[in-house]
Every structure is written in structure tokens, then in C-alpha cells.
Amino acid sequence: MAYYVILSNLTDEGRRTIKQRPERILEVNKEIEAMGVKVLKQYALLGMYDIVNIVEAPNNETVMKMSVEIGSRGSVQMTTLPAVPVEEFIKNVK
């Protein structure tokens, strides 16, 4: 399994939805998990991004499909970064 950091910004539509129904965030997490992407950690942020997710998925293709599906709804814009655990990074650079 691979790890990814997803930095998200809500659109105006997304902010309206979250204001009216903040639990929608958890509903979307379930939808993401049904697409094969497991949400490991999630934080609301102050600053440049609104939400950060640490996720696990079998491959880039699974994350791409999830990103297109969720992004096509118009409520969020995402930046996805592949992440490598430091221990694995050290092992691979030796």
C-alpha cells in the first residue's frame, strides 16, 4: 500500500455545505473508502488549506480515480502528494 497527503481547499459551494452540514465531511470519507482509499488521519486547518488527509491506497490509479470523482463535484479542490515513510526512504537510499 502507498501513502498520500491530500491538501484540500473548499470551494464556495463546499463551504456552504460544510456550514449547513459539517458531518458531510465524514460521509465523504466513507465514499472515499468505498473507492479503495483509506483515510488514516484527517485535520481541519487554518491557513492556506482547509483540510489535510493522510490516506493509504493500493496505487496511484486508485487515488487518481478518487480525485477525479470527488473533484468533479465542485465542492473541493485537491492537491495530492505521494508520501514515503522515513524508514522506507532511508532503506531505499542506502
Side-chain angles (χ1 to χ4, degrees):
M1 290 294 231
Y3 297 96
Y4 301 85
V5 175
I6 301 174
L7 300 165
S8 301
N9 282 316
L10 298 169
T11 63
D12 289 342
E13 180 181 336
R15 281 187 285 278
R16 279 191 295 275
T17 299
I18 297 308
K19 182 178 178 182
Q20 294 170 355
R21 294 187 37 230
E23 67 278 359
R24 179 67 183 131
I25 295 169
L26 300 176
E27 293 169 5
V28 172
N29 289 352
K30 290 179 184 173
E31 294 170 15
I32 289 170
E33 293 199 2
M35 295 178 210
V37 178
K38 182 178 181 183
V39 177
L40 301 175
K41 293 284 185 178
Q42 184 173 57
Y43 299 95
L45 304 173
L46 300 175
M48 208 170 164
Y49 296 96
D50 297 316
I51 297 172
V52 62
N53 290 299
I54 310 299
V55 303
E56 185 178 46
N59 51 47
N60 289 342
E61 292 78 12
T62 301
V63 174
M64 284 189 291
K65 288 178 184 178
M66 178 278 300
S67 181
V68 169
E69 171 59 33
I70 298 299
S72 71
R73 299 175 184 183
S75 58
V76 67
Q77 294 179 332
M78 295 179 286
T79 300
T80 303
L81 307 166
V84 177
V86 171
E87 298 82 7
E88 185 177 326
F89 174 80
I90 292 169
K91 178 182 161 190
N92 288 328
V93 297
K94 282 189 172 186

Calculate, to the nearest 0.5 Å, the distance between atoms [atom1] and [atom2] belonging to [X] and [Y] respectively.
X	Y	atom1	atom2	result
Arg16	Leu10	CZ	CG	11.5 Å
Glu56	Lys41	CD	NZ	13.0 Å
Leu40	Tyr3	CG	OH	6.5 Å
Lys38	Asn29	NZ	CG	12.5 Å
Ile25	Glu23	CD1	CD	9.0 Å

Are [X] and [Y] grouped together when hydrophobic residues (ILVMFWY) are joined by side-chain heavy atoms under 4.5 angstrom apart?
X	Y	answer
Leu7	Val76	no
Ile32	Leu26	no
Val39	Ile6	yes
Leu81	Met78	no

When you compare the side chain of Val37 with that of Lys65, does any pair of heavy atoms fall below 4.5 Å? no

Would you say that Met66 contacts Glu69 through its side chain, given a criterion of any heavy-atom pair below 4.5 Å between the two side chains? no

Looking just at side-chain N and O atoms, do Asn60 and Tyr4 make a donor-acceptor pair shorter than 3.5 Å? yes

Taking all non-hydrogen atoms of both residues into account, name the closest pair between [X] and [Y] and its distance.
X	Y	answer
Pro58	Gly36	CD-O, 3.4 Å
Asn9	Met48	OD1-O, 3.0 Å
Thr62	Met35	CG2-O, 3.4 Å

The test is salt bridge (charged side-chain N to carboxylate O under 4.0 Å, His left out); show your working for Lys30 and Glu27 and say whether it passes. CA-CA 5 Å; Lys30 290 179 184 173; Glu27 293 169 5; over 6 Å; no

Heavy-atom count check: over 12 atoms from other residues, nucleotides or ligands less than 6.0 Å from Gln77 CD? no

For a side chain to side chain contact (heavy atoms under 4.5 Å, CB included) with Ser8, tell me which candidate from Ile51, Val52, Leu45 qualifies. Ile51

